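Everything numeric in this text was worked out from a predicted model, so none of it was measured. Just so it is clear: chains get the letters A, B, ... in the order the sequence lines come, proteins before strands, and each one is counted from 1.
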2 protein chains.
Amino acid sequence: MTLSLHERIRTDIESAILSGKLAPEDRLPVEHELMQTYQCSRMTVNKALSALAAAGLIERRKGAGSFVGRPHAHSMILDVPDLPVEVAKRGHVYGYQPLVRKLRAAARGNAEEELLAGGRRLLQLDGLHSADGAPLAVERRLVSLAAVPAIADADLEKEPPGTWLLRHVPWTEAETRISAVPADAEIARLLKTPVGTACLLVERQTWRSSERITAVRQYFLGTAYHLVARFGSTRP
Amino acid sequence: MTLSLHERIRTDIESAILSGKLAPEDRLPVEHELMQTYQCSRMTVNKALSALAAAGLIERRKGAGSFVGRPHAHSMILDVPDLPVEVAKRGHVYGYQPLVRKLRAAARGNAEEELLAGGRRLLQLDGLHSADGAPLAVERRLVSLAAVPAIADADLEKEPPGTWLLRHVPWTEAETRISAVPADAEIARLLKTPVGTACLLVERQTWRSSERITAVRQYFLGTAYHLVARFGSTRP
DNA sequence: CACCTTAGAATGTATAGACATATGGCGCAA
DNA sequence: TTGCGCCATATGTCTATACATTCTAAGGTG
């Protein structure tokens with residue numbers, strides 16, 4: 001793969017930073033110097049540096065110059081894969097078993113549910129994800145019928161509601177909380193594991209321009225699943 | 001804040017996508033149309049669209065056009081905060097207590113450790129993070145002396161090694177695995193919790209251009225800590 | 001010596017044009 | 001009808017230039 005010129009400039013500087021040749025707070029060559037070095041126009045240099053700035057690798061200060069940014073080991077990229085896809089990728093047979101499908105109002109006094117419902121009703125969808133027949137995760141989901149009326153008529157027998165929503169209510173914003181909890185009696189029964197087993201709890205809320213769509217709690221069998229996050233120059 | 005023209009074009013299209021006015025696979029106006037709409041040059045439009053493509057919001061196909069991408073609820077942004085900072089931000093007093101400091105060779109047969117050591121020795125650093133005196137997390141860390149010889153002389157009594165490394169070996173690439181495990185006897189003793197308590201296990205490896213720096217396992221008290229990941233248009 | 005002004009330096013934004021390259025559809029030929 | 005090739009289309013890359021904005025540092029003034 002032959003890199004275009006601005007890509008080459010970008011990767012050159014990128015590897016200089018990641019290898020430590022350029023330390024944080026170091027000043028980069030100014031645009032005119034890079035123009036000389038690579039024998040190109042300023043716009044080409046600018047494109048490379050702007051990309052690095054957008055990625056947070058450098059900081060550009062108008063009038064002052066460009067500087068290597070300080071690293072932030074926070075803000076890594078977390079892969080939250082679609083379960084059917086992920087399970088299939090590991091060579092297992094994915095299964096989804098719906099457990100509860102209930103149309104109901106928001107629980108009174110539960111501010112969370114009332115916000116989600118937005119005055120109308122909620123669809124509660126509980127289900128069990130499995131890999132090769134073995135339980136993998138229990139899912140408890142609430143969907144706002146105000147935001148997604150179409151889900152009332154959706155066929156959710158084979159496809160988990162998360163996958164359905166991903167296809168029908170695209171480009172939502174989301175926030176995910178990850179924690180570890182012991183399995184309560186019901187979770188333990190469904191996951192066929194002793195009460196108190198460590199479970200990875202993934203709580204996710206999604207909304208679209210301030211309209212709340214869905215809230216889900218997924219209890220993963222702690223030993224059978226993990227999430228992976230990355231930080232670095234490796235781009236997809 | 002007055003947006004520049006290419007920023008305005010970008011945010012216009014961005015909100016059209018996030019609000020659903022533009023659905024996945026939809027075709028965007030071609031660059032020449034946008035030039036007309038905004039009365040600007042092609043480079044300006046191109047800058048806006050390139051930024052959207054870099055963010056994964058749209059897909060551009062040479063010769064074909066620009067299309068709204070399919071949403072990926074995966075690849076969220078995970079905040080892995082520096083513990084001292086995060087604890088302080090919540091109004092608690094952070095504490096770090098070193099437990100083990102041992103210079104040793106890689107365990108034979110442990111491919112992981114041998115890779116990290118790179119033929120030389122490892123520094124093992126175990127410690128306990130606490131908030132307001134209450135145990136928060138146990139940390140077990142290995143640092144490659146081949147990669148970071150300076151850490152042999154570092155003062156790690158008050159500052160956790162993670163913070164020290166962040167300041168002295170910046171811009172590492174990293175991979176984090178997140179799972180849930182029960183506390184074994186030693187972890188339970190240190191966290192002052194019963195054996196089997198659900199713990200959030202965060203395993204992180206960092207390296208710099210294929211040279212391995214450190215590997216760490218942090219066991220968080222499940223009920224006392226959680227991670228948060230976000231996905232959406234909100235940029236810092 | 002302290003403070004203010006100012007000139008230069010560096011990035012931010014935008015224009016207009018040129019050529020390169022991948023795509024997809026249309027028309028022509030076998 | 002089928003398959004091939006060509007061409008219009010749309011994006012990718014790059015140039016050269018212009019002016020705006022912001023920061024830094026030098027130099028002059030009180």
Side-chain angles (χ1 to χ4, degrees), chain A residues 1-17 21-70 233 235-236, chain B residues 1-17 21-70 233 235-236:
Chain A
M1 173 60 185
T2 71
L3 292 178
S4 63
L5 186 48
H6 73 262
E7 282 177 313
R8 217 185 95 212
I9 300 175
R10 182 171 62 72
T11 53
D12 280 0
I13 297 174
E14 193 171 88
S15 43
I17 293 174
K21 277 200 279 286
L22 286 171
E25 308 291 297
D26 273 5
R27 184 173 183 167
L28 295 161
V30 300
E31 294 189 346
H32 280 92
E33 289 178 71
L34 290 169
M35 287 169 64
Q36 292 267 323
T37 306
Y38 290 94
Q39 285 295 303
C40 65
S41 79
R42 202 186 132 213
M43 279 305 291
T44 305
V45 170
N46 191 288
K47 188 163 189 171
L49 294 181
S50 298
L52 288 169
L57 221 61
I58 70 172
E59 188 188 336
R60 310 198 76 194
R61 289 204 288 275
K62 198 189 295 190
S66 302
F67 303 84
V68 177
R70 277 178 308 180
S233 60
R235 298 161 194 282
Chain B
M1 172 60 185
T2 71
L3 292 177
S4 62
L5 186 47
H6 73 262
E7 282 178 312
R8 217 185 96 211
I9 300 175
R10 182 171 63 71
T11 53
D12 279 2
I13 297 174
E14 192 171 89
S15 43
I17 293 174
K21 276 201 281 287
L22 285 171
E25 307 292 297
D26 272 5
R27 185 174 183 170
L28 290 142
V30 299
E31 293 189 346
H32 280 93
E33 289 178 71
L34 291 170
M35 286 170 63
Q36 293 265 324
T37 306
Y38 291 94
Q39 285 296 303
C40 66
S41 77
R42 203 186 131 212
M43 280 303 292
T44 305
V45 169
N46 191 288
K47 190 164 189 170
L49 294 181
S50 297
L52 288 169
L57 221 62
I58 70 172
E59 188 187 336
R60 310 198 75 194
R61 288 204 291 276
K62 199 189 293 190
S66 302
F67 304 84
V68 178
R70 278 179 307 180
S233 59
R235 297 160 194 283

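- In the helix from C:dC1-D:dG30 to C:dA30-D:dT1, the terminal helix axes, each the rotation mapping four pairs' C1' atoms onto the next four within five end pairs, subtend 0°, rounded to 10°.
- Inter-residue side-chain proximity for B:Ile17 and B:Glu14 is flagged as unmet; no heavy-atom pair is nearer than 4.5 Å.
- Look at NZ on B:Lys47: it is 13 Å from C1' on C:dT15, rounded to the nearest Å.
- In this structure B:Thr37 satisfies the side chain to side chain contact (heavy atoms under 4.5 Å, CB included) test with no other residue, sequence neighbours excluded.
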I'd like a table of atom pairs between the protein and nucleotides 5-11 of chain C - only N or O on both sides, under 3.5 Å - with the distance next to each one.
{"unit_1": "C:dA10", "atom_1": "N3", "unit_2": "A:Gly63", "atom_2": "N", "d": "3.4"}
{"unit_1": "C:dT11", "atom_1": "OP1", "unit_2": "A:Ser66", "atom_2": "OG", "d": "3.4"}
{"unit_1": "C:dT11", "atom_1": "OP2", "unit_2": "A:Glu31", "atom_2": "N", "d": "3.0"}

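- With sequence neighbours excluded, the residues satisfying side chain to side chain contact (heavy atoms under 4.5 Å, CB included) with B:Ser4 are B:His6, B:Glu7.
- For A:Glu33, the side chain to side chain contact (heavy atoms under 4.5 Å, CB included) test picks out A:Pro29, A:Val30, with sequence neighbours left out.
- With a heavy-atom cut-off of 4.0 Å to chain B, the contacted part of DNA chain D has its first and last nucleotide at D:dT9 to D:dC14.
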Would you be so kind as to tabulate the donor-acceptor pairs closer than 3.5 Å made by side chains of residues 47-59 of chain B, with sequence neighbours excluded?
{"unit_1": "B:Ser50", "atom_1": "OG", "unit_2": "B:Asn46", "atom_2": "O", "d": "2.8"}
{"unit_1": "B:Ser50", "atom_1": "OG", "unit_2": "B:Asn46", "atom_2": "OD1", "d": "3.0"}
{"unit_1": "B:Glu59", "atom_1": "OE2", "unit_2": "B:Arg61", "atom_2": "NH1", "d": "3.4"}

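- Between A:Met35 and A:His6, it is A:His6 whose nearest contact on DNA chain D lies nearer the 5' terminus.
- Contacts of A:Glu59 with the nucleic acid, taken as non-hydrogen atoms under 4.0 Å apart, are absent.
- Rounded to an integer number of Å, the gap from B:Ile9 CD1 to C:dT13 C1' is 12 Å.
- In this view, A:Ser41 and A:Met43, A:Thr44 satisfy the side chain to side chain contact (heavy atoms under 4.5 Å, CB included) rule, not counting sequence neighbours.
- The line from CZ of A:Arg27 to OG of A:Ser66 is 8.0 Å long, rounded to the nearest 0.5 Å.
- Looking at residues two or more places apart in sequence or on another chain, you find no side chain to side chain donor-acceptor pair (under 3.5 Å) involving A:Asp26.
- Applying the side chain to side chain donor-acceptor pair (under 3.5 Å) criterion to B:Arg42, with sequence neighbours excluded, gives B:Glu31.
- With sequence neighbours left out, the side chain to side chain donor-acceptor pair (under 3.5 Å) criterion links A:Gln36 to no other residue.
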